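Working notes, beginning with the structure itself.
Here the structure is a predicted model, which is why all the values come from computation and not from measurement. To find a chain, count down the sequence lines: A is the first, B the second, and so on, and within it residues start at 1.
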Number of protein chains: 2
Amino acid sequence: MNDPIDQIKKAISNYIDVDDLEWADYAQDFSLKSVKKKELILQQGRICNTVFFVRKGLLRVFFVDANGEEKTFHFSMENTFSADYESFLKKKPSNYSIQTLEDSELILMPFEMLHRGYEILKNGEKLGRLLAEEYFFLFSSKIHAIYTQSPMDRYNQLNKAYPNLLQRVPQHYIASFLNISPVHLSRLKNQSA
Amino acid sequence: MNDPIDQIKKAISNYIDVDDLEWADYAQDFSLKSVKKKELILQQGRICNTVFFVRKGLLRVFFVDANGEEKTFHFSMENTFSADYESFLKKKPSNYSIQTLEDSELILMPFEMLHRGYEILKNGEKLGRLLAEEYFFLFSSKIHAIYTQSPMDRYNQLNKAYPNLLQRVPQHYIASFLNISPVHLSRLKNQSA
DNA sequence: TTAAATCATTAACATTTGTTATTGTCCTTA
DNA sequence: TAAGGACAATAACAAATGTTAATGATTTAA
């Protein structure tokens, strides 16, 4: 079996039982894409019609606010899915852009394929539900953290959850992710030392 | 047909087609509850084993942070569902408490019932997916708003989205929802006038 | 109906965070 | 390899937000 496609099957198996026969039929529609560092794979304002599975590399989900400033919303790590899921599902213009932060290898899942999955795969709807629930939990805990933790707390927690992320990502993106200025993050790091 | 149960059927019909026969079988397990103002219907630390449908009244979802301060996370309006959904699904201690802000009439949906819904109702899994997606979108836009809008912007937007909410809810809960101090909210309101 | 509690407002002050500008380092690329 | 650009650190100052305390109004409950 094709190696990269095996990788996404494994990821999906964390959510539902995958029937081999169904899968063989389904999986042929995946396509692979290699993308150089710093390239834009989704542009704010366009409709997101693909879910990206990060086989290798690292993505940054961000948007430009009313003042023209970039805000980093999320980092998509290896073996996770990435998209503007709302744009994807509702076919409306995306609020986010997505770019590669490293040379990356992606598996592409176009919109039609998702819906075919709901029909073809015995547990397709369940997979959709579990993925929506997972990101729901993720966002929920992100809001919880914003309400309860200081920027420094969140920095430390990020460092703990993804130990090498801080080495892989320019610091001002981290600041933006924490919703503070790069200058302030630099100050905070010194204080704690 | 029973009137309150008809109300929740109508709400669910916004998500999936409901087959009358299935529904008649399913709906008999709902129970109703009238709750006085200011009563706690879910307590932080306990497992949330019921989803509440707000037939009438208003709920506040909140939690107590490490400093012992209450943070208001969400207001549950009429004809919407309320729960700590993560606690509910994973059967783990809730991060939130839920209280009534007004005398309320609730429809209770216990955990077993949800799962029976996944099995009994033809579109049960789909309903689960759509609900998870809806709250996912809600949280997503909440985070987006935190990143892009000033507290005053968010206050105005809240006022626009739920025109009578500000009259129904003590102002310090609104401040807490906006993640600012009550004193600061009072100041902001004066500045804009 | 009255006393107590809750609440919104305001003022004064403290803290946090943002902005701008400068400098030195490192990386990129022509 | 040299020049330009991106980046992190730092300082000085400005703006936003929090904290505490006092006051008056409203609501709640005995």
* For residues 109-136 of chain B, which residue pairs qualify under ring pair (Phe, Tyr, Trp, His ring centres under 6.0 Å), counting only residues two or more places apart or in two chains? -> Y85(A)-F136(B), F139(A)-F136(B), F88(B)-F111(B), F111(B)-H115(B), H115(B)-Y118(B)
* Restricting to pairs with a member in residues 154-183 of chain A, which pass ring pair (Phe, Tyr, Trp, His ring centres under 6.0 Å), not counting sequence neighbours? -> F75(A)-F177(A)
* Asked: With H74(A), which residues qualify under ring pair (Phe, Tyr, Trp, His ring centres under 6.0 Å), at least two apart?
  -> none
* **Any residue meeting ring pair (Phe, Tyr, Trp, His ring centres under 6.0 Å) with F53(B), in chain and number order, not counting sequence neighbours** => F81(B)
* **salt bridge (Lys or Arg N to Asp or Glu O under 4.0 Å) pairs, two or more places apart, involving residues 170-185 of chain B** => none
* **K142(B) charged N/C atom sitting above F73(B) aromatic ring, 6.0 Å / 45°** => yes
Take the protein atom [atom1] of [X] and the nucleotide atom [atom2] of [N], then report the distance between them rounded to whole Å.
X: N67(B); N: dT15(C); atom1: CG; atom2: P; value: 16 Å
X: L101(B); N: dC7(C); atom1: CG; atom2: P; value: 11 Å
X: Q149(A); N: dT16(C); atom1: CD; atom2: P; value: 17 Å

* Asked: So does K122(B) have more than 12 non-hydrogen atoms from other groups sitting under 6.0 Å from NZ?
  -> yes
* Over 12 non-hydrogen atoms of neighbours within 6.0 angstrom of CZ in R168(B) -> yes
* Is the phosphate of dT9(C), meaning OP1 or OP2, less than 4.0 Å from a side-chain N or O of K189(B)? -> yes
* Ignoring hydrogens and angles, state whether a donor on the side chain of T72(B) or R60(B) is under 3.5 Å from an acceptor on the partner side chain. => yes
* To do: Anything under 4.0 Å to a heavy atom of chain A counts; send over the first and last such nucleotide of DNA chain D, read 5' to 3'.
  => dC7(D) to dA12(D)
* **Inter-axis angle, terminal five-pair segments of the helix from dT1(C)-dA30(D) to dA30(C)-dT1(D) [nearest 10°]** => 50°
* **Close residues, residues 169-185 of chain A, relative to DNA chain D [heavy-atom separation under 4.0 Å]** => P170(A), Q171(A), H172(A), V183(A)
* Asked: Any sub-3.5 Å donor-acceptor pair from D19(A)'s side-chain atoms to E22(A)'s backbone N or O?
  -> yes
Tabulated below should be each protein N or O lying under 3.5 Å from an N or O of nucleotides 26-30 of chain C; please produce it.
none

* Other hydrophobic cluster members with F62(A), side-chain heavy atoms of Ile/Leu/Val/Met/Phe/Trp/Tyr under 4.5 Å, chained? -> L40(A)
* Asked: Looking at residues at least two apart in the chain, or sitting in another chain, which of them share a side chain to side chain contact (heavy atoms under 4.5 Å, CB included) with S181(A)?
  -> V183(A), H184(A)
* Structure fact -> side chain to side chain contact (heavy atoms under 4.5 Å, CB included) filter on A145(A), not counting sequence neighbours, yields Q149(A), R154(A)
